[in-house]
Amino acid sequence: MIVEIIPCLSDNYSYVIYEKETNTISIVDPSEFEACDKVVSRYKKLDFILNTHHHADHVGANLELKKKYKSKILGSSADKNRIPGIDVLLIENQKQKIGNLEFEIIFIPGHTKGHIAFFFSKEKIAFTGDTLFSLGCGRVFEGTHEEMFNSLNKIKNLPPDTKIYCGHEYTKSNLNFCLAYDSKNALLKGKEIDIQKKLDSNQPTIPSTLGEEIKTNIFLRCGDPDIKHALGLKDSSEIEVFSKLRDLKDSF
Ligand code: ZN
Ligand code: FE
């Protein structure tokens, strides 16, 4: 399984998945036709389009790509009326194949009502859309804080060496937020240099691993005593800490 990262719009990422044995080409969250087609056209085909959620910056190129390559579009059954050109409706825990690759649907509402992640368990790769970012999480637009918290916990249960491919390059501003409320975290400080180096040379900071995220992403660390202390929420539950952090991040 080869994953090619395609920067789109100002800070989106689309991903081409190439499975060699059966020559199957797929794309995750194609937002911009030209940028995506530049990569896809090298393969001369596009079998599948996978959408994590219905937002325009994740489905923007669906119809043009489908028209040009006769691709099949896969998305959440909950978004059957909102994902342009959708062909295959996916539900929680469903297993699906693209060529020889098998992935599992993880239902992770919060950012939107129908948000899903694609988890390739054999390859240990997850596409998390706008739910889990590197060092951050998505805004809660359609769901509740509790839904988002539960969705992040589902992802947290995947193997720690799972590579996380998310929907946006938000890592630097997420890092600044993490540092503000988790200032004693040495691993977090260590990441700063690495992130800056990548960004300075125009490289994506993606993918990270789930294990790294669990140690440095503040939204996955809501039970940490130092973070609770920094927020003045010493005796609060994890969900209360999460809600506070999500609100603070909205205006950070
Ligand atoms: Zn979104
Ligand atoms: Fe987005």
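Worth knowing before you read on, the calculation uses all heavy atoms, side chains too, and leaves out hydrogens, waters and symmetry mates. Along the sequence shown, residues are numbered consecutively beginning with 1. Worth saying up front: this structure is predicted, and the values here are computed from it rather than measured. Both ligands and their constituent atoms are indexed starting at 1 by order of listing.
Distance CD1/Ile25 to OG1/Thr22: 8.5 Å, rounded to 0.5 Å.
Of all the N, O or S atoms in His55, the one closest to the Zn ion (ligand 1) is ND1. When distances from the Fe ion (ligand 2) to the N, O or S atoms of His58 are compared, NE2 comes out shortest. When distances from the Fe ion (ligand 2) to the N, O or S atoms of Asp57 are compared, OD2 comes out shortest. When distances from the Zn ion (ligand 1) to the N, O or S atoms of Asp130 are compared, OD2 comes out shortest. Take the N/O/S atoms of Asp130: the one nearest the Fe ion (ligand 2) is OD2.
Judged by distance alone, the side chain of Arg246 and the main-chain N or O of Gly138 form a donor-acceptor pair under 3.5 Å. For the pair Thr205 (side chain) and Ile195 (backbone), a donor-acceptor distance under 3.5 Å is absent.
For the Fe ion (ligand 2), the N/O/S atoms of His168 include one lying under 2.8 Å. Residue His58 does not count as close to the Zn ion (ligand 1), with no N, O or S atom under 2.8 Å.
His54 and His115 form no side-chain donor-acceptor contact under 3.5 Å, judged by distance and modelled atom types alone. Between the side chains of His58 and Asp130, at least one donor N or O lies within less than 3.5 Å of an accepting N or O.
Residues Val16 and Ile6 meet the side-chain proximity criterion, which asks for heavy atoms closer than 4.5 Å.
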